[in-house]
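Here the structure comes first, spelled out in structure tokens, and everything after it is commentary.
Computed from heavy atoms alone, side chains included, the values below leave out hydrogens, waters and symmetry copies.
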Amino acid sequence: MALTELPANGIVVATTTSVAVAFFSAGLIAVRVRPHNRVGPLMIGVGALWVLLKFVPPVAGSGIRAGLAGAWAAVLAHLVVAFPTGRLGAPVPRGVIGTAYVSAACVAVLGMLEPTTSVVFRGAATLGAVLCGLAVIGVHISRWRSSTATRRRSLGLVPVTAVVAMALFVTLKPAMIAGTAVQGWTPVMQVALAAVPLAYLALLLRRRIDRGRVAELVVHLRDAYRPVGIRQALADVLHDPTLEVGYWTPESARYVDIDGRVVSPPDGDCRVATRVDHGGAPLAVLVHDPALLDDPELVEAACAAAALAMSNERLTADLRARLHQLAESRSQVLRAAESERRRLERDLHDGVQQRLLSIPIALGLAESTLPADPDRAIGLIGEAKATTLAVLGELRALAQGIHPPVLTERGLTGAVKELAAFASLPLQLSIEAVESLPGEVETTAYYVVAEALANVTKHADAKHAQVHVTRQRGQLVVEVSDDGRGGADRSHGSGLCGLADRVEATGGTFRVHSPAGGGTRIRAVLPCG
């Protein structure tokens, strides 16, 4: 209805004008404050179509007017369903809004073919309005029920006002199309419509207030004396009680919480991770509700304010992670040592012990037969001698399994050179400053090289390999790399897993970089200062 056709009712004129002003104002502010968000253009579109529908006299017949009414309702439904990002995303919202636009187009075409007072037009328009309105309400109720507390807070009162407005629209619009007098309810519906952009402006204001609370976060963290203060302070500022903070530990190349436990990456759409860098290097990661992505400025400001406190707390997390790692590695080494002890006991019992028992038996027989049959006694003595030599060989083999004799005889340099000499492929060897190392470090380094070269031979299908052993700032660095097929995984192999346990039990770090088709690089860092 045009402005000149409006009833002489100041309330209706005021509420009609307020709808246009509210949508235009909120849309312009949204475009300025959040230029990459589509909510602003959608609000401006709703306001523009509302002005055309209510204040411009119809000049092209009832079809144009019906098209404007349908287009305005479809864009409004688009705004409500796509809030707060302005993007529809999932198939169900896309289907609902697609249906709304198709319904608006059909009503416009029907308005050109049929008089707006005909039964056919009124029935089609009423059915389209009711179905689209109910679909929008259903989408909102379903979204609200499945949302987390953080998501509901990020939506503010916009869903509530939108559902009320759509409910009034579904109730009153069919009555208007049918020609029923609902003049007294028109201002009520228009006030409900104007409440939607006003609720959005209130939401923007609350977000601005939340960003202002970041200054309180700085003060709180400065006065905090408990390690858990950072996580709780960030959870309070970001209004996400489920927020987790993981601190980057360079040595183990993973994120751990304040207690040293590994923080797993989020799985699925229920949680997301935001990385926090400091000085260009990874510092921490926040695992939080996806709703916080709707206000990235707040998350960025909170992370920047907490960066210094996170840097200090990371030291505590790193230390506790090392303690957990050391305790776990020592437990695994103890279990391995117990298993090895049982194996040695079994080998001694089944092999060496039986051989040793046969020696005195043979000597006793020789002693008893010596006067009567010297030749047989000499044979028994020779058998005892051979058994003694065999036992010595078995004992030497067992001892070699405990500690490589080549380390005792030639040191780490000679032992690694001997491994390289027997390698089955061309090998580049570099050994620097490895004298006077602790025995445990030498043994661990030797086994790292031996196991790595064995894996290259058995699995890598490589044409060339490199071994570098050097001492750097009180640490022994052992690197073995090849140009093979890659794909090695320390979690799927007892050899690499055992090496990792052995290295970590000495307080060192063990890493495997093995992209598929890109070769394998094993790096062990052992403290030897």
Looking at every non-hydrogen atom in both residues, tell me the closest pair between P241 and T150 and how far apart they are. CD-OG1, 4.1 Å

When rounded to the nearest 0.5 angstrom, what is the spacing between OH in Y200 and CG in L155? 11.5 Å

CG/L198: more than 12 non-hydrogen atoms of other groups inside 6.0 Å: yes

Donor-acceptor pair, side chain of H288 and main chain of E244, under 3.5 angstrom: no

Do R271 side-chain atoms and T242 backbone N/O form a donor-acceptor pair below 3.5 Å? yes

Indicate yes or no: at least one non-hydrogen side-chain atom of R143 is less than 4.5 angstrom from one of V81. yes

Would T274 and V285 count as a side chain to side chain contact (heavy atoms under 4.5 Å, CB included) here? Give the steps. CA-CA 6 Å; T274 297; V285 65; 5.9 Å; no

Not counting sequence neighbours, which residues clear side-chain contact (heavy atoms from CB on, under 4.5 Å) with V31? List them please. P41, I44

Kindly write out the residues that satisfy side-chain contact (heavy atoms from CB on, under 4.5 Å) with V191, not counting sequence neighbours, or none if the list is empty. T15

Could you give me the CA-CA distance, side-chain angles and deciding distance for L193 and W50, then say whether side chain to side chain contact (heavy atoms under 4.5 Å, CB included) is met? CA-CA 11 Å; L193 289 173; W50 179 266; 4.0 Å; yes

Polar side-chain atom of N37 near backbone of P84 as donor-acceptor pair, under 3.5 Å: yes

Any side-chain heavy-atom pair of F23 and L76 under 4.5 Å: yes

Under the side-chain contact (heavy atoms from CB on, under 4.5 Å) test, residues paired with R152 that sit two or more places apart: W144, S147

Minimum side-chain heavy-atom gap L292-D240 below 4.5 Å: yes

With a 4.5 Å limit on heavy-atom distance, are the side chains of F510 and I522 in contact? yes

Output the distance between atom CZ (R151) and atom CG (L293), rounded to the nearest 0.5 Å. 8.0 Å

For G486 and T520 the tightest heavy-atom approach is CA-OG1, 3.6 Å

Under the side-chain contact (heavy atoms from CB on, under 4.5 Å) test, which residues partner V21, sequence neighbours left out? T17, S25

Going by heavy atoms in the side chains, are L168 and V164 under 4.5 Å from each other? yes

Do side-chain atoms of Q475 reach the backbone of L526 as a donor and acceptor pair under 3.5 angstrom? no

Once salt bridge (Lys or Arg N to Asp or Glu O under 4.0 Å) is applied, do any residues pair with R485, and if so which ones, sequence neighbours excluded? D461

Exercise: identify the closest heavy-atom pair between V272 and P290: CG2-CA, 3.8 Å

Testing the 3.5 Å rule here: is there a donor-acceptor pair between the side chains of R521 and H513? no

Measure the CD1-CG distance between I209 and L204 for me, rounded to the nearest 0.5 Å. 11.5 Å

Side chain to side chain contact (heavy atoms under 4.5 Å, CB included) between V75 and L49: does it pass, once the steps are laid out? CA-CA 9 Å; V75 175; L49 290 172; 3.7 Å; yes

For the pair L238 and V299, evaluate side chain to side chain contact (heavy atoms under 4.5 Å, CB included) and give the outcome as yes or no after the intermediate values. CA-CA 7 Å; L238 299 177; V299 178; 4.3 Å; yes

Side chains of F24 and V51 in contact at under 4.5 Å (non-hydrogen atoms): yes

Nearest heavy-atom contact between A100 and C132 is CA-SG, 3.6 Å

Has the side chain of S514 got a donor or acceptor atom that lies under 3.5 Å from a matching backbone atom of A488? yes

Taking side-chain hydrogen bond (donor to acceptor under 3.5 Å, both in side chains) as the cut-off, I'd like each qualifying pair that reaches into residues 76-90, sequence neighbours left out, listed once. H78-Y101

Kindly indicate whether the side chain of R523, heavy atoms from C-beta on, has any atom under 4.5 Å from the side chain of V477. yes

Smallest separation among heavy atoms of P197 and M43, with atom names: CA-CE, 4.0 Å

Check: V136 and V96 side chains under 4.5 Å, non-hydrogen atoms: yes

Closest approach of R153 and L203, non-hydrogen atoms and distance? O-CD1, 4.1 Å

Does V139 offer a backbone N or O that forms a donor-acceptor pair with the side chain of S142 under 3.5 Å? no

Indicate yes or no for a side-chain donor-acceptor contact from R38 to the backbone of F83 under 3.5 Å, with no hydrogens or angles considered. no

